[in-house]
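So the structure is just underneath, and the comments pick up after that.
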Amino acid sequence: MTKPLKSETGTSSGHTTEYSSRVDIATSAIIGESLGSIVREMRRSMVRSSYSSIIYEGYDFSGVLLDGNGNLIAESGEDHPFHVVPVAGAVKKALEIHAEINDDEMLLHNDPYTGGTHLNDIAVIQPVSINGSRSFYIVIRSHWGDVGGMSPGSLNGEATQILQEGLRLNYVKIPRFEHSEVMRFLFDNVRVTSEAISDFHSVLGTIKVAETRLRALCDKYGSTTVRDAMADILDISERRIRAAIMQIPDGDYHHVGYLDGNALTPHPLRVKVNLSIKGDRLLADFTGSSDQVDAPLNAGPAIAPTSVLTVIKSFLDPSGSITSGTLRAIDVELPSGSIVNANFPAPCGGLNEVRFACDAAIMGALARLIPNKITGDVRGTSNHTYIGTEDFIFYEYPSGGTGGWNGGDGNSAVRAFNEGENVSIQSTEVIESKFPLRILRSEIRPNSGGAGEFRGGVGLLREIEILTDRANLSVLSDRNIIPPAGVCGGLSGLPNRYTVIRDGKEISPGKFPGKIANFRLNKSDIVRVETSGGGGWGDPTQRDLLTLEADLANGYISPDNISGYKDERTIVTLASDSSISDNECLLSNNFADQSSFSPGSLVELVSASGPSIRLWVKGIDPALADDSICVAEGLEAESKMALVSLSSSNAFHTSHQSVTL
């Protein structure tokens with residue numbers, strides 16, 4: 001039953017939140033838009049002045065404005081959520097280290113354990129005082145091509161400690177206008193130093209532009225009016241998200257998202273979330289997530305809250321900007337020493353891989369509530385891809401397909417809703433003019449989108465030829481084994497895949513799919529990148545025939561893949577057993593005779609009106625009837641579900657059978 005909305009007040013856990021405007025609504029709106037316009041100008045300034053292609057081509061940076069108390073007050077609407085949201089707690093953390101931050105000082109920060117993302121993302125924080133009062137903080141977080149560490153580009157799939165990923169900066173003070181020995185030390189310890197120096201000066205210039213605009217805004221309206229308008233903006237954001245949460249029935253809703261892990265991690269690596277809705281508040285509890293691992297698949301304490309806010313805001317209140325006011329209605333509990341709240345020395349290069357697993361878990365929980373609004377899963381990883389030496393570093397993060405939704409197919413080879421406006425890939429012309437590389441193929445990847453009434457978007461196929469005598473390949477990618485899931489009867493997309501073609505033969509460049517460190521590339525080697533497709537939405541057999549014909553004509557699916565949209569489903573029975581875990585199942589002898597359902601393989605229970613459930617085959621139970629499988633007691637599932645094999649990391653099995661609970 002839908003709960004009634006509040007009008008002027010909000011109630012939460014027994015107390016009332018009063019909202020009263022300090023500035024007339026028109027002036028407040030104009031000031032809010034002016035602040036957003038300043039951030040958008042910051043973005044344009046960075047793109048036009050930066051030296052490295054990851055900034056001017058890849059847009060891997062974000063800028064935000066904080067008020068004098070450190071509250072996130074303005075972003076562009078184009079910035080990356082995982083860059084922006086963690087900044088909301090930056091000033092508070094900084095003041096725990098520094099008693100005072102003067103206007104002629106700046107802070108450098110990238111430490112994941114104290115609110116950063118990964119070490120390559122360095123935030124520059126500049127305070128601004130007006131009329132003797134601290135009024136703003138300007139923050140630009142940009143991806144440095146290299147921050148030291150064990151491989152060119154710093155990120156790789158085999159780091160076991162954060163010390164192997166580069167230099168940590170925990171709110172380090174530097175002078176704004178004078179020579180800095182800290183910066184000299186920093187530049188001396190990164191690869192491709194000239195790019196780092198040039199991009200840093202672009203940040204300084206952009207901050208100067210933003211400060212000029214902020215001072216002009218306060219001159220026009222008065223610093224007191226601007227300050228009060230910012231307080232109103234925070235209240236408006238809070239009111240919006242509380243009203244959205246009120247539309248969800250009270251209760252607890254949970255789901256689990258999985259990561260591939262690597263050869264050293266326990267199996268399976270999981271992010272578990274329980275969403276507890278009470279009135280106009282939401283609590284996301286990640287208890288039950290895996291302990292931190294000696295692999296670059298950990299995240300600091302700022303990332304899971306970012307995921308919660310991004311997904312909740314996207315599906316419940318998609319319009320309007322994100323501010324610290326939005327965060328007031330959301331509480332997050334993170335177990336210390338877990339992959340969602342790691343401690344030193346856990347490497348955190350794959351923070352986005354963890355974040356995507358958080359997103360999948362939260363979307364799965366929401367799918368039990370709003371199945372007609374939720375989408376199939378996205379590619380689920382950043383696909384960090386580095387080719388380089390000490391002399392050059394080529395870095396990009398090829399995108400994949402987005403999830404199908406109730407009303408349309410997913411998009412192909414583009415960024416998803418949870419990623420911001422960084423580009424899918426760098427342009428061929430820029431790459432070939434700047435690096436000793438040649439792009440041989442850059443095209444869609446047929447059959448990679450999950451089948452559904454509304455198909456998942458397809459991924460990307462990209463081939464890069466090496467033109468120099470030597471280079472190293474490092475990759476930090478996930479969803480190379482566990483593919484993006486479908487929803488409401490939709491099927492999974494294909495997983496990501498990285499290979500190298502040498503002398504006409506395909507070879508594996510790593511010990512574990514998607515986790516590669518310093519693989520030696522020779523001249524004429526070809527790096528092949530195949531990105532995942534999005535999960536489908538709805539029963540594939542319900543897809544319109546004319547639409548299927550268009551898919552064939554456009555190359556989204558091939559004739560030999562059409563069976564995934566036509567197979568009938570066979571009903572079998574589900575038994576339960578308290579002795580197996582919630583990520584395992586037992587098969588009958590009937591399934592044991594099928595190679596795709598062997599012990600250790602990954603299977604999926606596809607829900608007709610909610611999230612899919614991933615399980616690993618623990619073994620065979622001869623006592624089970626031929627049409628049965630056995631799952632953990634208490635597994636939340638429907639009375640009828642389809643059983644799909646996901647046993648191959650490189651191929652998707654479209655044959656499926658149904659499960660009756």
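Numbering starts at 1 and runs along the sequence shown. Keep in mind that what you see is a predicted model, and the values were worked out from it rather than measured.
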Under the 3.5 angstrom rule, does the side chain of [X] hit a backbone N or O of [Y] as a donor-acceptor pair?
| X | Y | answer |
| --- | --- | --- |
| N71 | I73 | no |
| N496 | S532 | yes |
| N518 | S474 | no |
| S290 | R270 | yes |
| T531 | G459 | no |
| Y51 | S198 | no |
| Q164 | Q161 | yes |
| D377 | P484 | no |
| R191 | S151 | yes |
| N472 | T389 | no |

Please round to the nearest 0.5 Å and tell me the distance separating atom [atom1] of [X] and atom [atom2] of [Y].
| X | Y | atom1 | atom2 | value |
| --- | --- | --- | --- | --- |
| L297 | L259 | CG | CG | 6.0 Å |
| S338 | N343 | OG | CG | 8.5 Å |
| E530 | Y498 | CD | OH | 10.5 Å |
| I387 | T468 | CD1 | OG1 | 11.5 Å |
| L72 | Y137 | CG | OH | 14.5 Å |
| D67 | S135 | CG | OG | 9.5 Å |

Kindly write out the residues that satisfy side chain to side chain donor-acceptor pair (under 3.5 Å) with [X], not counting sequence neighbours, or none if the list is empty.
| X | value |
| --- | --- |
| T212 | none |
| D359 | S307, N418 |
| S45 | T206 |
| R141 | none |

Can you name the nearest heavy-atom pair linking [X] to [Y], along with the distance?
| X | Y | result |
| --- | --- | --- |
| A302 | G115 | CB-O, 3.7 Å |
| R479 | A360 | NH2-CB, 3.6 Å |
| N110 | L119 | ND2-O, 2.8 Å |
| D291 | I339 | O-CG2, 3.2 Å |
| I162 | A346 | CB-O, 3.7 Å |
| A159 | P347 | O-CG, 3.7 Å |

I'd like to check the ring pair (Phe, Tyr, Trp, His ring centres under 6.0 Å) partners of [X]; sequence neighbours left out, ordered by chain and number.
| X | result |
| --- | --- |
| F315 | F417 |
| F394 | F435 |
| F286 | none |

Should the heavy atoms of other residues, nucleotides or ligands under 6.0 Å from [atom1] of [X] be counted, would the total exceed 12?
| X | atom1 | result |
| --- | --- | --- |
| H201 | NE2 | no |
| K434 | NZ | yes |
| R176 | CZ | yes |

Q. In terms of side-chain geometry, is the basic nitrogen of E390 or R470 positioned less than 4.0 Å from the acidic oxygen of its partner?
A. yes
Q. Do E75 and R43 meet the salt-bridge criterion of a basic N to acidic O distance under 4.0 Å?
A. no
Under a 4.5 Å cut-off applied to non-hydrogen side-chain atoms, are [X] and [Y] in contact?
| X | Y | value |
| --- | --- | --- |
| I97 | T114 | no |
| L108 | V124 | yes |
| T402 | V414 | yes |
| L214 | I138 | yes |
| L65 | M42 | yes |
| I466 | L437 | yes |
| N341 | S289 | no |
| L95 | I101 | yes |

Q.
If you apply the rule side-chain hydrogen bond (donor to acceptor under 3.5 Å, both in side chains), what do you find for S433 with E429, and how did you get there?
A. CA-CA 6 Å; S433 64; E429 294 79 6; over 6 Å; no
Please determine, by modelled atom types, if [X] and [Y] share a side-chain donor-acceptor pair under 3.5 angstrom.
| X | Y | value |
| --- | --- | --- |
| S442 | R462 | yes |
| S477 | N383 | yes |
| E353 | T381 | yes |

Q: Could you pull out all residues at least two apart from R528 that satisfy salt bridge (charged side-chain N to carboxylate O under 4.0 Å, His left out)?
A: E463, E506
Q) For R44, what residues pass the salt bridge (charged side-chain N to carboxylate O under 4.0 Å, His left out) criterion, not counting sequence neighbours? A) E78
Would you list the atom pairs, donor with acceptor, under 3.5 Å between side chains in residues 81-94 and any protein atom, with sequence neighbours excluded?
unit_1	atom_1	unit_2	atom_2	d
H83	ND1	S62	OG	3.0
H83	NE2	D121	OD2	3.3

Q | From V190, L155, N189, N120, residue fulfilling side-chain contact (heavy atoms from CB on, under 4.5 Å) relative to D146 | A | V190
(Q) Would you call the rings of Y395 and H143 parallel, tilted or perpendicular, taking 30° and 60° as the class edges? (A) parallel
Q) Which word best sums up how the rings of Y113 and F344 line up, parallel for under 30°, tilted for 30 to 60°, or perpendicular for over 60°? A) perpendicular
Q | Evaluation steps, salt bridge (charged side-chain N to carboxylate O under 4.0 Å, His left out), between E181 and R184 | A | CA-CA 5 Å; E181 286 294 291; R184 186 172 70 85; 2.8 Å; yes
Q. Pairs in or reaching into residues 146-173: which pass ring-ring contact (aromatic ring centres under 6.0 Å, His included), with residues at least two apart or in two chains?
A. H109-Y171
(Q) By the definition salt bridge (charged side-chain N to carboxylate O under 4.0 Å, His left out), identify the one residue from R355, K515, R379 that meets it with D478. (A) K515
Q: Among residues two or more places apart or on two chains, list those pairs meeting salt bridge (Lys or Arg N to Asp or Glu O under 4.0 Å) that have a residue in residues 148-157.
A: none
